[in-house]
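Take a look at the structure set out below.
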Amino acid sequence: MNAPVRNNIKAELLSNVVEHVDITAYDARPVIDAMRKMSFTSRDTARAADILNMALEDRTCSPWLILAGSTSAGGCMHVYRDMVKFGMIDAVVATGASIIDMDFFEALGFKHYQAAGPVDDNVLRENYIDRIYDTYIDEEELQACDHTILEIANRLEPRGYSSREFIWEIGKWLSEGNAKKPGSLIQTAYEEGVPIFCPAFVDSSAGFGLVKHQKERAAARQPYLMIDAVADFRELTDIKIAAGTTGLFMVGGGVPKNFAQDTVVCAEILGVEAEMHKYAVQITVADVRDGACSSSTLKEAASWGKVDTTFEQMVFAEATTVVPLIGSDAYHRGAWKTREKRRWNKLFA
């Protein structure tokens, strides 16, 4: 592979940093209240906010954040972190990219950048710049992230780890003074005892580091670390059983969505009558007509015994346009102030 071009073009392309929205800095309640009297996606958004607040007000409920897509890179990273910090979220199920390529990446001091306008993607490749729609990532920095994962893996006991356990180790590493940007989602979740699961963990920057770890250890005839996907499913199902009543705040769909919903069925297979997820919100732009998991409605999930349809709401919107409103509304209504943080990582201590 050719070395990246080092000139003013790259510096110019990576000049506008993405800034993460702060849900504590503005009060979205008047906007949500107004939307409740409107129609179309506005009214759906207001009802979604209401359902999230119901889940927070229900002292028997454990709310989970389900995260897919690139909203973390697009400016919503601190929304999710603050939901964990303030006790609105007890568990996170996400893509590996959301947790490693976006959150851990920034914890190492790196940034995401706004694209100023259309650019030939071949020019981006020549300058080692990766693109997510209108957001740029420095590939050299992303590879530094890969190598940091390698270093963390190399210091751990060579055995099987659930993604939750490995991410807990990353949070511990960050909290030991290694974070260039304190207060990442991973570090905050570690400090608050909130487990993070990535059921397709190696489909991310973590995968490259872990592959290199295994190849180097195998070449040296040494044991190596593995990610145990079955342990992920078992552990999240254990949380579902312990939690009883649960609520899902889902951004995007895909594997995290189905993985979280399937815990109800898995509990049944284990002989435990677990409640369907009582509260559920999904924000997506996926088309319900294509038969895919990402686009399947929450009402459809009821046929599988996964989600109760009494308090569920689909919001068909690009998530960065509504997540900050719903998050700010929940923060300022303040139901989180009197709910107990469950700290589910204690189940695995």
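Count residues from 1 along the sequence.
No side-chain donor-acceptor contact under 3.5 Å links Y80 and S98. With hydrogens and angles left out, the side-chain atoms of R36 and T45 include no donor and acceptor closer than 3.5 Å. No side-chain donor-acceptor contact under 3.5 Å links Y113 and D138. Side chain to side chain, W173 and T148 fail the donor-acceptor criterion of an N or O pair below 3.5 Å.
Note on R59 versus E340: no salt bridge recorded, every NZ/NE/NH1/NH2 to OD/OE distance being 4.0 Å or above. Taking a cutoff of 4.0 Å between a charged side-chain nitrogen and a carboxylate oxygen, E106 and K111 do not qualify as a salt bridge. Checked for salt-bridge contact, D50 and R333 miss the test: no charged N lies under 4.0 Å from a carboxylate O. Contact check on D90 versus K341 returns no salt bridge, with no Lys/Arg side-chain nitrogen under 4.0 Å from an Asp/Glu carboxylate oxygen. The residues E169 and R164 are annotated as not salt-bridged, no charged nitrogen and carboxylate oxygen being separated by less than 4.0 angstrom.
The closest side-chain heavy-atom distance from E19 to H78 is not below 4.5 Å. When side chains are defined from C-beta on, P63 does not count as touching M88, because their heavy atoms never get closer than 4.5 Å. At a threshold of 4.5 Å between non-hydrogen side-chain atoms, the residues I132 and M102 count as touching. Between I137 and D101, the closest side-chain pair of non-hydrogen atoms is not below 4.5 Å. By the 4.5 Å heavy-atom criterion applied to side chains, H112 and V17 are not counted as neighbours. A heavy-atom distance below 4.5 Å is not found between the side chains of C145 and F208. No side-chain heavy atom of S72 sits less than 4.5 Å from a side-chain heavy atom of D103. For the pair V93 and P199, the minimum side-chain heavy-atom distance is below 4.5 Å.
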Steps toward side chain to side chain contact (heavy atoms under 4.5 Å, CB included) verdict (D232, F201): CA-CA 10 Å; D232 276 341; F201 189 48; 5.7 Å; no
Full working for side chain to side chain contact (heavy atoms under 4.5 Å, CB included) between L225 and H213: CA-CA 8 Å; L225 179 153; H213 162 79; 3.4 Å; yes
Chi angles and distances behind the side chain to side chain donor-acceptor pair (under 3.5 Å) call for T263, Q261: CA-CA 5 Å; T263 54; Q261 291 182 349; over 6 Å; no
Full working for side chain to side chain donor-acceptor pair (under 3.5 Å) between Q187 and S175: CA-CA 6 Å; Q187 185 174 347; S175 70; 5.6 Å; no
Criterion side chain to side chain contact (heavy atoms under 4.5 Å, CB included) on R339 and D58, from CA distance to verdict: CA-CA 8 Å; R339 73 173 301 271; D58 184 344; over 6 Å; no
Check against salt bridge (Lys or Arg N to Asp or Glu O under 4.0 Å), R159 and E165: CA-CA 11 Å; R159 57 174 176 81; E165 188 178 13; 2.6 Å; yes
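Of all heavy-atom pairs between L56 and A330, the closest is CD1-CB, 4.0 Å. The two residues Y136 and G117 come nearest to each other via the heavy atoms OH-O, 3.9 Å. Minimum heavy-atom separation, T135 to A73: CG2-O, 4.0 Å. Heavy atoms only, all atoms of each residue included: T41 and A317 are closest at CG2-CB, 4.0 Å. When all heavy atoms are compared, the tightest approach of R342 to S62 is NH1-CB, 4.0 Å. The heavy-atom pair separating D329 from A49 by the smallest distance is OD2-CB, 3.7 Å.
Judged by distance alone, with hydrogens and angles left aside, the side-chain atoms of Q282 form a donor-acceptor pair with the main-chain N or O of G252 at under 3.5 Å. Y26 contributes no side-chain N or O that, together with a main-chain N or O of D22, makes up a donor-acceptor pair within less than 3.5 Å. Distance alone, capped at 3.5 Å, is enough to place a donor-acceptor pair between the N127 side chain and the V123 backbone. Remark: side-chain polar atoms of S328 are not paired, donor with acceptor, to backbone N or O of L325 under 3.5 angstrom. At least one donor-acceptor pair closer than 3.5 Å links the side chain of R343 to the backbone N or O of E192.
For the side chain to side chain contact (heavy atoms under 4.5 Å, CB included) with F104, the lone residue among I167, L174, L185, I99 that qualifies is L174.
Sorted by first and then second residue, the side-chain hydrogen bond (donor to acceptor under 3.5 Å, both in side chains) pairs with a member in residues 215-230 read K212-E216; sequence neighbours excluded.
By the neighbour-count criterion of 12 heavy atoms within 6.0 Å, atom NZ of K346 is densely surrounded, having more than that number from other residues, nucleotides or ligands. Heavy atoms from other residues, nucleotides or ligands lying under 6.0 Å from CD of E176 number more than 12. Within a 6.0 Å radius of CG in D203, no more than 12 heavy atoms belonging to other residues, nucleotides or ligands are found.
Linking Ile, Leu, Val, Met, Phe, Trp and Tyr whenever their side-chain heavy atoms come within less than 4.5 Å leaves I32 and F316 in two separate clusters. Hydrophobic clustering (side-chain heavy atoms under 4.5 Å, transitive across Ile, Leu, Val, Met, Phe, Trp, Tyr) keeps M35 apart from F311. Put simply, V21 and F86 are part of the same group of oily side chains (I, L, V, M, F, W, Y) that touch within less than 4.5 Å, one to the next. Taking hydrophobic clusters as Ile, Leu, Val, Met, Phe, Trp and Tyr residues chained together by side-chain heavy-atom distances below 4.5 Å, V251 does not share a cluster with V285. Using a 4.5 Å cut-off between side-chain heavy atoms of Ile, Leu, Val, Met, Phe, Trp and Tyr, with links allowed through other members, V202 and I152 fall into the same hydrophobic cluster.
Remark: S15 OG to N8 CG distance equals 11.5 Å, nearest 0.5 Å. Separation of atoms CG (L150) and CD (Q214) is listed at 11.5 Å; rounding is to 0.5 Å. Distance check, rounded to the nearest 0.5 Å: NZ of K257 to CG of D262 gives 11.5 Å. Atom CG of residue L13 and atom CZ of residue R131 lie 12.0 Å apart, to the nearest 0.5 angstrom. If you take CD1 on I66 and CD1 on I89, they are separated by 8.0 Å, rounding to the nearest 0.5 Å. Atom CD1 of I129 sits about 12.5 Å away from atom CG of L142, to the nearest 0.5 Å.
By the 6.0 Å and 45° rule, K172 does not stack over the aromatic ring of W168.
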Identify all side-chain donor-acceptor contacts of residues 236-249 below 3.5 Å with residues at least two apart in sequence or on another chain.
from: T237; atom 1: OG1; to: F233; atom 2: O; distance (Å): 2.8
from: K240; atom 1: NZ; to: G244; atom 2: O; distance (Å): 2.9
from: K240; atom 1: NZ; to: T246; atom 2: OG1; distance (Å): 2.6
from: K240; atom 1: NZ; to: E275; atom 2: O; distance (Å): 2.9
from: T245; atom 1: OG1; to: E275; atom 2: OE1; distance (Å): 3.2
from: T245; atom 1: OG1; to: E275; atom 2: OE2; distance (Å): 3.1
from: T246; atom 1: OG1; to: H277; atom 2: ND1; distance (Å): 2.7

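Take F110 and apply the ring pair (Phe, Tyr, Trp, His ring centres under 6.0 Å) test, not counting sequence neighbours, and it matches F105.
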